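Structure, as structure tokens:
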Amino acid sequence: MKDQIRTRWSLDAANYNRSTQSTWNSRRAKSAWESIFKDLLGTDVQLVLDVGTGPGFIAFLLAELGKKVVGIDLSEDMIKIANRNAKELGFNVDFKVSDAENLPFDDESFDAVVNRHVLWTLPNPERATHEWKRVLRPGGTLIIIDGNWNYNYKNSINKKIWRYLAAPIVIVTEKRIPRKTKLDQDIKQKLWSSGNSRPGDDIKILKKLGFRNVEVDPNINKRTQSLLDYIKLGYWGDTFLVTGVK
Ligand SMILES: C[S@@+](CC[C@H](N)C(=O)[O-])C[C@H]1O[C@@H](n2cnc3c(N)ncnc32)[C@H](O)[C@@H]1O
């Protein structure tokens, strides 16, 4: 399963990079994400782990906010792109190939652990969040930004039609082809996130692991999405943000 997931993301690395670059180049989207992390991490947080960093967009935002950032990803191709982006943009981020469910770091080594659009694509969310808690220092913050995409994908024919019609806008604005491969379908059938109610189940997992102050930000979509994003999806999106304190 993990090999399939690695292959899926490696094959999509260049495409996904173009898509995140369009967010990076949008002043509005970038400043929305910056203000979210500023609000959540403040100035005390110094060392941050970005799990499933992909092309490094979130890691670079955090570095711009003055944090020392380590970014890990299962896909070597994603890490190659992240390193290339860091060089081009002039950021000093430590990127490593590593598995989110089995991290190569000591206990209590980070002030915060963040991950965006990653938990849905992991086989074992409980193992992953347990591991993220292990590497957090006591009092450290976990930030999960994810979406209920698979649930809606499976359940709404209208959304599929809308996406099909909006594909040309995605191709022009994000310079990527929004395709679903057979590999995507295979993986999605097996992933926990396809059958679970989120963020409700995320909250249950964090509470079971003993995280304190578990909270959901209900306004994340409107804070980060533009009218154009709304048109591409046909609604404000399924993204949610959950935080917890160790
Ligand atoms: C949708 S991308 C998100 C990338 C980045 N966080 C962002 O917001 O732009 C999901 C990323 O998770 C990575 N990933 C999937 N399974 C992983 C695992 N077990 N350990 C680490 N990274 C993983 C993929 O390689 C991919 O780069």
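What you see is a predicted model, and the numbers here were worked out from it, not measured in a lab. Below, each value reflects all heavy atoms present in this structure, side chains not excepted, and no hydrogens, waters or symmetry copies.
- Transitive grouping of hydrophobic side chains (ILVMFWY, heavy atoms separated by less than 4.5 Å) keeps Ile81 and Leu89 in distinct clusters.
- Taking 4.5 Å as the limit, every side-chain heavy atom of Phe105 sits out of range of all side-chain heavy atoms of Glu131.
- In plain terms, the two heavy atoms of Phe95 and Ala86 that are nearest each other are CE1-CB, 4.1 Å.
- The two residues Gly71 and Ile79 have their closest heavy-atom pair at O-CD1, 4.2 Å.
- The nearest pair of heavy atoms linking Ala82 to Gly54 is CB-O, 3.5 Å.
- When all heavy atoms are compared, the tightest approach of Gly52 to Asp73 is C-OD2, 3.3 Å.
- Residues Val51 and Val114 fail the side-chain proximity criterion, which asks for heavy atoms closer than 4.5 Å.
- Considering CZ of Arg28 and CZ of Arg223, their distance stands at 11.0 Å, rounded to 0.5 Å.
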Open item on the list: Using the rule given for salt bridge (charged side-chain N to carboxylate O under 4.0 Å, His left out), can you reason through Asp3 versus Arg6, listing the C-alpha separation, both sets of side-chain angles and the distance that settles it, and then say yes or no?
Closed with: CA-CA 5 Å; Asp3 284 344; Arg6 184 189 288 111; 2.7 Å; yes
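- You'll find the side chain of Phe211 stays beyond 4.5 Å of the side chain of Thr243, heavy atoms only.
- Note: Thr239 OG1 to Asp217 CG = 11.0 Å, rounded to the nearest 0.5 Å.
- The aromatic rings of Phe91 and Phe60 lie parallel to each other, their planes meeting at an angle below 30°, with 60° marking the opposite boundary.
- The CG atom of Leu122 sits 7.0 Å away from atom NZ of Lys2, with the distance rounded to the nearest 0.5 Å.
- At most 12 heavy atoms of other shown residues, nucleotides or ligands fall within 6.0 angstrom of atom CG in Asp44.
- Remark: side-chain polar atoms of Arg137 are not paired, donor with acceptor, to backbone N or O of Ala112 under 3.5 angstrom.
- Panel note: side chain Asp99, backbone Leu74; no donor-acceptor pair is recorded below 3.5 Å.
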- [ ] Give the intermediate values and the outcome of side-chain contact (heavy atoms from CB on, under 4.5 Å) for residues Trp33 and Lys38.
- [x] CA-CA 9 Å; Trp33 283 109; Lys38 239 189 225 169; over 6 Å; no
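- Put simply, the residue from Val216, Ile36, Ile144 that forms a side-chain contact (heavy atoms from CB on, under 4.5 Å) with Leu241 is Ile36.
- Side-chain N/O atoms of Asn85 and Asn17 include a donor and acceptor closer than 3.5 Å.
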Task: Derivation of the salt bridge (charged side-chain N to carboxylate O under 4.0 Å, His left out) call for Glu126 and Lys208 - done: CA-CA 9 Å; Glu126 295 204 23; Lys208 193 170 145 197; 3.2 Å; yes
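- Remark: Arg116 does not engage Asp50 in a salt bridge, criterion side-chain N to carboxylate O under 4.0 Å.
- Using a 4.5 Å heavy-atom cutoff, the side chains of Asn221 and Phe240 are not in contact.
- Within the cation-pi definition used here (under 6.0 Å to the ring centroid, within 45° of the axis), Arg127 does not qualify as a partner of Trp132.
- Nearest heavy atoms, Asp77 versus Ala13: CB-CB, 4.1 Å.
- A 6.0 Å sphere centred on CG of Asn92 holds no more than 12 heavy atoms belonging to other residues, nucleotides or ligands.
- In summary, Asp12 and Arg18 do not engage in a salt bridge, as defined by a charged side-chain N under 4.0 Å from a carboxylate O.
- Judged purely by atom type and a 3.5 angstrom limit, Glu108 has no side-chain atom pairing as donor or acceptor with the backbone of Leu136.
- Between Pro123 and Ile5, the closest side-chain pair of non-hydrogen atoms falls below 4.5 Å.
- The CG atom of Asn115 sits 7.5 Å away from the CD1 atom of Ile145 when rounded to the nearest 0.5 Å.
- Side-chain N or O atoms of Ser22 include one that pairs as donor or acceptor with a backbone N or O of Ser19 at under 3.5 Å.
- Taken to the nearest 0.5 Å, the CG atom of Leu206 stands 6.0 Å off from the OG1 atom of Thr129.
- To the nearest 0.5 Å, the span separating CG on Leu191 from CG on Leu119 amounts to 10.5 Å.
- With salt bridges taken as basic N to acidic carboxylate O contacts below 4.0 Å, one links Asp94 and Lys96.
- The minimum heavy-atom distance between Trp192 and Arg198, with the atom names listed, is CH2-NE, 3.3 Å.
- Heavy atoms from other residues, nucleotides or ligands lying under 6.0 Å from CD of Glu76 number 12 at most.
- Two residues are said to be in side-chain contact when any heavy atoms from C-beta on lie closer than 4.5 Å; Leu41 and Lys67 meet this criterion.
- A donor-acceptor pair under 3.5 Å is formed between the side chain of Thr224 and the backbone N or O of Ile220.
- Between the Asp107 side chain and the Val135 main chain, no donor and acceptor come within less than 3.5 Å of each other.
- Applying the 6.0 Å contact sphere to NZ of Lys30 captures more than 12 heavy atoms from other residues, nucleotides or ligands.
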Task: Pair Glu34-Leu65, side-chain contact (heavy atoms from CB on, under 4.5 Å): steps then yes or no - done: CA-CA 8 Å; Glu34 249 165 25; Leu65 293 178; 4.1 Å; yes
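- Side-chain atoms of Ser194 and Trp120 include no donor-acceptor pair closer than 3.5 Å.
- Of the possible donor and acceptor atoms, one in the side chain of Arg212 sits under 3.5 Å from a partner among the backbone N and O of Lys246.
- With hydrogens and angles ignored, the 3.5 Å screen pairs a side-chain donor or acceptor of Glu101 with a backbone N or O of Asn124.
- Around NZ of Lys204, the count of heavy atoms belonging to other residues, nucleotides or ligands within 6.0 Å does not exceed 12.
- Of the candidates Val70, Leu49, Ile72, Ile72 is the only one forming a side-chain contact (heavy atoms from CB on, under 4.5 Å) with Ser98.
- Using a distance-only test at 3.5 Å, with no hydrogens or angles considered, a donor-acceptor pair links the side chain of Ser26 to the main chain of Ala29.
- In the hydrophobic cluster analysis, where Ile, Leu, Val, Met, Phe, Trp and Tyr join through side-chain heavy atoms closer than 4.5 angstrom, Val214 is grouped apart from Val245.
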